[in-house]
Student: 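Following this message is one structure expressed as structure tokens.
Worth knowing before you read on, the calculation uses all heavy atoms, side chains too, and leaves out hydrogens, waters and symmetry mates.
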Amino acid sequence: MKTTNTLLSAVVRHRAKVCMALFLMAGNLSYAQTSRKVADEIVKEATDNSQLEHLAHELLDVVGPRLVGTPQMKNANDWVISKYKEWGIAAKNEKWGEWRGWERGISHIDMVYPRVRSLEGTQLAWSPSTKGKSVVGELIVYPDLPDSVSFKTWLPSVKGKFVMFSMNQPTGRPDYNWQEFALPESFEKMKTKRTAQTNAWRSRISKTGLNLKALALAFESAGALGVVTSNWSSGFGVNKIFGAHTTKIPSVDLSLEDYGMLYRLTESGHKPKISVRTDSKELGMVPTFNTLAEIKGSEKPNEYVMLSAHLDSWDGATGATDNGTGTITMMEAMRILKKIYPNPKRTIIAGHWGSEEQGLNGSRGFVEDHPEIVKNIQALFNQDNGTGRVDKLSGQGFLHAYDYLNRWLAMVPKEIREQITTTFPGSPSGGGSDYASFVAAGAPAFSLSSLNWSYGTYTWHTNRDTYDKIIFDDVRNNAILTAILVYMACEDPQRVSNEKSVMPVNPRNGQATEWPTQRGPVRKGGVN
């Protein structure tokens, strides 16, 4: 009898397990079918009703560049809110600090002797104005002096002059142009000359005992009319445009072509003169914001899936690929999700960060101010580095990232998914873009890294980062990818693991690499 009961019990248990397995299989099949249906709807909406071109036009052509502390940055914050409200998505500006307020005006930079020519150039960000006047003066090139003592002796000679202190490039043709057309010996000759010239110029600067910022301030203190530089970006017609170091006199950047012409005229003794007028306004300290949009979760509202992109830019152009494309990718993904998936299981937050360009300040402020959100992040997806389709995804050092990221990627259309190379577990990033602020705090945050499209040379922080450089087919794929990943992260029945992998040993010192340290933002910036 005992044996019979035991056999019956075993049969019952076996049937129960089979039933449970069938139930789970049915549940998984239903989950997969539902996920596929939603993913297909996301693709259809993104393809048939894309808003990307319109968003890019409004952000880049109408709002324009978004330098932290400028009225245009605040206009961008408010524009993002207005778009989200059109789509029925709650959004707000949240203050994280304050910055030196400044507004760019019109720049006129002209050669007036030995002939007249309008020059291609711009004042640097936060450059002092010329107070409504045109300042005319001769140019002087900082000479090669033997030491800091000689520099101090020479310094009074800058009074009443514009000082040039960028190296005159030996060629305005990028290397790929030389490789295509030059004789091999000509290309090698040019590179040898350029290397020697670059090393000599660095030595010339270092012998002053000052860095570039201190050197500009020394010229200012000695009575220079302004400083003139050319920060060439190694491509046809492109310069990097950053911030001014001077506080009283204008700082202007000129194209390689015009700077080279003036440099040669100065060196040959023709004593060229330029006229500079830079209009700008100092606005005092102004509040700075992150713009946050939210779709509230229906089942797990205190768990979060985040979309992430910095809204600010440098202002040599309109910040199209850094980071207009990341911004409109996240906005488009949010629009699609609100339409296709209006009741997510987890809360979806889009973070449009301020002052990424000055050190991830907006996202670091959010991480510091919202530990209750950061500790409950299911996943964060950040896009920053240009207009190209996403081609790399790293696990950022999270040990089990391969499990859930691969599971979510399985629902992404094959033609998009197969373009992406994954690296697991990967290494945690200590900087580069805003996802690093979250990684440092232990949150599973990932960079949707995109194809180059000559980003570093032609658009990253340059005077050519404009609407026409956007590849909308690639950006559309990125919006689809982001929306599906966010949907899958929201629906996943499991809370993902944020367990960190064992960090590798640094071969240079034999010690284990450390996880990046969480850092706070600069809450009051742009002041000396």
Side-chain angles (χ1 to χ4, degrees), residues 167 175 188 191-192 194-215 231-234 240 242 308 310 322-323 353 355-361 363-364 367-368 374 379-386 388 390-403 405-406 420-452 454-457 460-461 497-522:
M167 184 185 86
D175 282 3
E188 290 303 315
K191 288 194 293 183
T192 299
R194 183 175 62 193
T195 299
Q197 191 172 326
T198 301
N199 291 336
W201 187 264
R202 287 173 179 166
S203 174
R204 181 185 298 202
I205 297 298
S206 68
K207 284 184 287 187
T208 67
L210 303 174
N211 60 28
L212 291 177
K213 178 179 180 179
L215 196 57
N231 190 4
W232 188 48
S233 189
S234 302
K240 306 291 188 192
F242 293 114
S308 170
H310 72 87
D322 188 20
N323 186 31
W353 315 115
S355 190
E356 185 269 355
E357 299 293 2
Q358 288 71 41
L360 315 185
N361 291 308
S363 57
R364 283 176 172 169
V367 169
E368 192 170 84
V374 174
L380 176 146
F381 302 102
N382 183 84
Q383 214 279 320
D384 184 0
N385 65 321
V390 172
D391 71 330
K392 293 184 182 67
L393 180 61
S394 165
Q396 289 300 319
F398 292 102
L399 185 61
H400 300 288
Y402 72 94
D403 176 31
L405 287 179
N406 279 333
I420 303 171
T421 300
T422 55
T423 305
F424 298 116
S427 300
S429 176
S433 193
D434 294 293
Y435 66 96
S437 302
F438 294 85
V439 170
F446 307 100
S447 172
L448 303 177
S449 183
S450 64
L451 281 175
N452 188 278
S454 299
Y455 175 71
T457 298
W460 180 69
H461 300 165
S497 168
N498 64 352
E499 183 180 353
K500 300 170 184 175
S501 60
V502 176
M503 299 294 286
V505 172
N506 187 331
R508 288 178 293 183
N509 57 24
Q511 297 180 353
T513 307
E514 295 184 357
W515 195 267
T517 301
Q518 183 180 340
R519 295 173 59 185
V522 175

Student: Going by the rule salt bridge (Lys or Arg N to Asp or Glu O under 4.0 Å), which residues pair with Glu357 if we only count those two or more places apart in sequence or in a different chain?
Tutor: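 Not a single residue meets the salt bridge (Lys or Arg N to Asp or Glu O under 4.0 Å) criterion with Glu357.
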
Student: How close do Asn323 and Asp384 get, counting heavy atoms only, and between which atoms?
Tutor: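 For Asn323 versus Asp384, the nearest heavy atoms are OD1-O, 3.0 Å.
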
Student: Would you give the length of the straight line joining atom CG of Asn506 to atom CZ of Arg508, rounded to the nearest 0.5 angstrom?
Tutor: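 Answer for the CG-CZ pair, Asn506 versus Arg508, is 5.0 Å.
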
Student: Does Pro425 have any side chain to side chain contact (heavy atoms under 4.5 Å, CB included) partners at least two apart in sequence or in another chain, and if so, which?
Tutor: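 For Pro425, the residues satisfying side chain to side chain contact (heavy atoms under 4.5 Å, CB included) (neighbours in sequence not counted) are Ser501.
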
Student: Taking only residues two or more places apart in sequence, or in another chain, which ones meet Glu356 in a side-chain hydrogen bond (donor to acceptor under 3.5 Å, both in side chains)?
Tutor: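 By the side-chain hydrogen bond (donor to acceptor under 3.5 Å, both in side chains) rule, Glu356 matches His310.
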
Student: If every non-hydrogen atom of Val439 is compared with every non-hydrogen atom of Ala445, which pair is closest and at what distance?
Tutor: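 That would be CG2-O, 3.4 Å.
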
Student: Residues in side-chain hydrogen bond (donor to acceptor under 3.5 Å, both in side chains) with Lys207, at least two apart?
Tutor: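 Asp144.
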
Student: Only counting residues at least two apart or in another chain, list the ones meeting ring-ring contact (aromatic ring centres under 6.0 Å, His included) with Phe242.
Tutor: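 Listed in chain order: Trp314, His461.
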
Student: Give a yes or no on whether the backbone of Leu360 and the side-chain of Ser363 come within a donor-acceptor separation of less than 3.5 Å.
Tutor: yes

Student: If you compare all heavy atoms of Ser429 against all heavy atoms of Pro516, which two are closest, and at what distance to 0.1 Å?
Tutor: O-CG, 3.7 Å

Student: How far does OH of Tyr435 sit from OG of Ser447, to the nearest 0.5 angstrom?
Tutor: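 These two atoms lie 4.5 Å from each other.
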
Student: According to salt bridge (Lys or Arg N to Asp or Glu O under 4.0 Å), who are the partners of Arg204, at least two apart in sequence or on a separate chain?
Tutor: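 If we apply the salt bridge (Lys or Arg N to Asp or Glu O under 4.0 Å) test to Arg204, skipping adjacent residues, there are no hits.
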
Student: Any side-chain donor paired with an acceptor under 3.5 Å for Asn382 and Ser433?
Tutor: yes

Student: Listed by chain and number, what are the ring-ring contact (aromatic ring centres under 6.0 Å, His included) partners of Phe398, not counting sequence neighbours?
Tutor: Trp515

Student: Indicate yes or no: at least one non-hydrogen side-chain atom of Ser234 is less than 4.5 angstrom from one of Asp175.
Tutor: no

Student: In chain order, what residues pass the side chain to side chain contact (heavy atoms under 4.5 Å, CB included) check against Ser427, with sequence neighbours excluded?
Tutor: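 Not a single residue meets the side chain to side chain contact (heavy atoms under 4.5 Å, CB included) criterion with Ser427.
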
Student: Determine whether a donor-acceptor pair (N or O, by modelled atom type, separation under 3.5 Å) exists between the side chain of Thr513 and the backbone of Pro504.
Tutor: yes

Student: Any idea which heavy atoms bring Leu215 and Ile205 closest together, and the distance?
Tutor: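 Closest heavy-atom pair between Leu215 and Ile205: CD2-CD1, 3.8 Å.
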
Student: Which pair of non-hydrogen atoms, one from Arg364 and one from Gly359, has the smallest distance, and what is that distance?
Tutor: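 Answer, listing the atom of Arg364 first, then Gly359: NH1-O, 3.0 Å.
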
Student: Could you list the residues that satisfy salt bridge (Lys or Arg N to Asp or Glu O under 4.0 Å) with Asp391, not counting sequence neighbours?
Tutor: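 Counting only residues at least two positions away or on another chain, Asp391 forms no salt bridge (Lys or Arg N to Asp or Glu O under 4.0 Å).
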
Student: Does the Ser203 side chain pair with the main chain of Asn199, one donor and one acceptor, at a distance under 3.5 Å?
Tutor: no

Student: Quick one: list whatever passes side-chain hydrogen bond (donor to acceptor under 3.5 Å, both in side chains) with Arg202, sequence neighbours left out.
Tutor: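 Expected list: none.
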
Student: Would you mind reporting whether Gln358 and Val522 have side-chain heavy atoms less than 4.5 Å apart?
Tutor: no

Student: Checking Trp201 now: which residues fulfil ring-ring contact (aromatic ring centres under 6.0 Å, His included) with it, not counting sequence neighbours?
Tutor: none

Student: For Asn385 and Leu448, which heavy atoms make the closest approach, and how far apart are they?
Tutor: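 Scanning both residues completely, I find the closest heavy atoms to be OD1-O, 3.9 Å.
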
Student: For Lys191, which residues count as a side-chain hydrogen bond (donor to acceptor under 3.5 Å, both in side chains) partner, sequence neighbours excluded?
Tutor: Glu188

Student: Just say parallel, tilted or perpendicular for the rings of Trp460 and Tyr455, cut-offs at 30° and 60°.
Tutor: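 Judged by the thresholds at 30° and 60°, the geometry between Trp460 and Tyr455 is tilted.
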
Student: Could you tell me whether the side chain of Thr421 and the main chain of Lys392 form a donor-acceptor pair under 3.5 Å?
Tutor: no

